[in-house]
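To start, the structure itself, in structure tokens.
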Amino acid sequence: MPGIVLFCAGVVASLAASWLLVTRLERLGERAGFSEAWLGLVAALAADAPEITSATTALARGQTSVGAGVVIGSNVFNLAALLGLAAVVAGWIGFHRRVVVLSGVPAVWVAAVCLLTVAAVVAPTDGLALAAMVLVPYVAVLGMRRARMERLRLPAGWVRWLVAAVHEEEAELAEAIRPRPGTWRDAAAAAGALVTVVGASTVMEVAATAVGRRYAVADIVTGGLVLAVVTSLPNAVSAVYLARRGRGAAVLSTALNSNAINVVAGLLIPASLAGLGPGSGPGFGQGTLVAAWYAGLTVLALALAYRGRGLGRASGTAIIAGYLAFVTALVITVEQGGVGPAAAVFPAAAVAAAGMLLLTWPARRWTAAARLGGLWQRESVLPGWSIGRLWRLSLILCGVVAACDAASGPHLILIGLLIAGPCCALLTGRWALTAAASGLAVVLGVVLGVPDQIFATVTQYAFLAAVAAVGTTTTVGAAVLQRQRP
């Protein structure tokens, strides 16, 4: 009981002090003449103080699972709460594609570096250097004034693109972050808040670890789920508020910049000094699983945002479902005492299939045109069959083959018959629908390797190569047919 009380007290003090730290640092940044984008980075850094402190404390105490779990787990939660939940609550968050690319490229790069570091493919110091290669120029560009940016020795087209992208991001941040210039009182308050955050977060991490071990809760669950969610709640509330006001760029930059800062300040820098410990050896462990989910959901969220020029309720729901699948996979691995093929593949494959369908689903403006022109009711290449009817049939065929294969187990391997789905979708004469069916067939082929007992074997790779080859061929064929048909 005392541990729980200490944990709750640490949570309240840490989150309250971090909120005070955010507001005071924003004012000091305004006094220093920071650009709106830099003010956003300062706000993200201050809001991440509880995660960074908790992770650093855990790594310094040799608790690798807790430290890495806090940082990476909070990043996965940030994607679900700051982007997914905000999109569901607001209904629609619009993004400029330039802003998605400007913020997305560093985000994907940092996520990949995080995965490589946790999997012990690269050393923490090398990971820090790799992250700095992209983040330093990114931060420098965000801090440049327009006149300075126009003097960069880059191709004119690149300069115009950068100017437009930074302007679009700052235009929304200027309304989302409008502090008054700070004074010495704000500096004193920021210093006091920082000390409080460090102290309270340290108490919170120590208490959470002690309580978790007392009740036999795995360290990766304590860090990756409990501490990660608790320390990220202020960011989630702020993102929902910004989304309801239509500040899409502010929501996106807050989520992605917060995640990048978490990885660098909360994982790579402490790990470069203290190491990741014995739990970070090669292999696909629980830490690697969490990092893989972080990288995968980052790519999915950015792909959905770029494809639809924003996130709607369907995309937001898919991102939230991805987080729930991550929680499920993590809990299963803890119960099993390790990462098995089923826990690693099934949840990820389900989310990947849903994401692929959303990515190939007609965008809003296409859907409106489809209603007017009756796209789904138009006749396909097969006389008497509509496009919508054939595409639904292609998905059903994939599902039926997968169900029969899973039911028969290793006695009858039917993965090769999954090509029936892409071949049927080819007759729609629409490349996007054919690509969706092909992607579903490949994902199902990966998943079916488990009940067929051929997972990650040469046999499964041969089947997947055949299905992928047919899917690629049918997609190209559908593109040719689409160009020839009205």
Side-chain angles (χ1 to χ4, degrees), residues 284 289 292 296 299-300 303 318 321-322 325 328-329 332 339-361 380-482:
F284 200 86
L289 179 70
V299 173
L300 175 62
T328 302
I332 291 174
V339 181
V345 172
F346 276 111
V351 175
M356 191 167 296
L357 287 175
L358 284 174
L359 288 172
T360 55
W361 198 267
S380 64
V381 177
L382 187 63
W385 286 70
S386 66
I387 290 177
R389 186 181 179 189
L390 263 180
W391 191 58
R392 287 192 295 270
L393 177 62
S394 70
L395 301 183
I396 292 173
L397 286 174
C398 288
V400 170
V401 170
C404 293
D405 184 288
S408 62
H411 305 291
L412 185 62
I413 299 176
L414 303 175
I415 294 177
L417 294 182
L418 290 171
I419 64 172
C423 291
C424 179
L426 168 64
L427 298 177
T428 64
R430 297 287 166 173
W431 73 266
L433 301 182
T434 307
S438 302
L440 177 62
V442 172
V443 170
L444 290 175
V446 174
V447 174
L448 290 173
V450 177
D452 288 340
Q453 297 181 12
I454 59 170
F455 184 77
T457 63
V458 175
T459 303
Q460 186 186 29
Y461 294 150
F463 276 120
L464 291 178
V467 173
V470 172
T472 303
T473 304
T474 53
T475 301
V476 173
V480 174
L481 291 174
Q482 184 171 338

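Count residues from 1 along the sequence.
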**Message:** One pair to check against side-chain contact (heavy atoms from CB on, under 4.5 Å): D452 and L412. What are the steps and the verdict?
**Reply:** CA-CA 8 Å; D452 288 340; L412 185 62; over 6 Å; no
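Applying the side chain to side chain contact (heavy atoms under 4.5 Å, CB included) rule to R392 yields the partners R389; only residues at least two apart in sequence or on another chain are considered. With sequence neighbours excluded, the residues satisfying side chain to side chain contact (heavy atoms under 4.5 Å, CB included) with V480 are Q484. The side chain to side chain contact (heavy atoms under 4.5 Å, CB included) search around L426 returns T474, A478, L481, not counting sequence neighbours. For the side chain to side chain contact (heavy atoms under 4.5 Å, CB included) test, residues two or more places apart in sequence or in another chain that qualify with L397 are L393, A420, C424.
With Q482 contributing its side chain and W431 its backbone, the two residues share a donor-acceptor pair below 3.5 Å. The closest donor-acceptor contact from the side chain of T434 to the backbone of A425 lies under 3.5 Å.
Counting all heavy atoms, side chain and backbone alike, C404 lies closest to L414 at CB-CD1, 3.8 Å. Here the shortest heavy-atom pairing between P422 and S438 reads CB-OG, 3.5 Å.
Note that CD1 of I415 and CG of D405 are 5.5 Å apart. Values are rounded to the nearest 0.5 Å. In this structure, L417 CG and C398 SG are separated by 10.5 Å, a value rounded to the nearest 0.5 Å. The CG atom of L433 sits 5.5 Å away from the CH2 atom of W391 when rounded to the nearest 0.5 Å.
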Please table the atom pairs, donor to acceptor, closer than 3.5 Å between any side-chain atom in residues 458-471 and protein atoms at least two apart or in another chain.
{"residue": "Q460", "atom": "OE1", "partner": "A456", "partner atom": "N", "Å": "2.7"}
{"residue": "Q460", "atom": "NE2", "partner": "G445", "partner atom": "O", "Å": "3.2"}
{"residue": "Q460", "atom": "NE2", "partner": "V446", "partner atom": "O", "Å": "3.0"}

Donor-acceptor pairs under 3.5 Å, side chain of residues 344-359 to any protein atom, not counting sequence neighbours: which ones?
none

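Only one option out of I387, V381, L390 pairs with R430 in a side-chain contact (heavy atoms from CB on, under 4.5 Å); it is I387.
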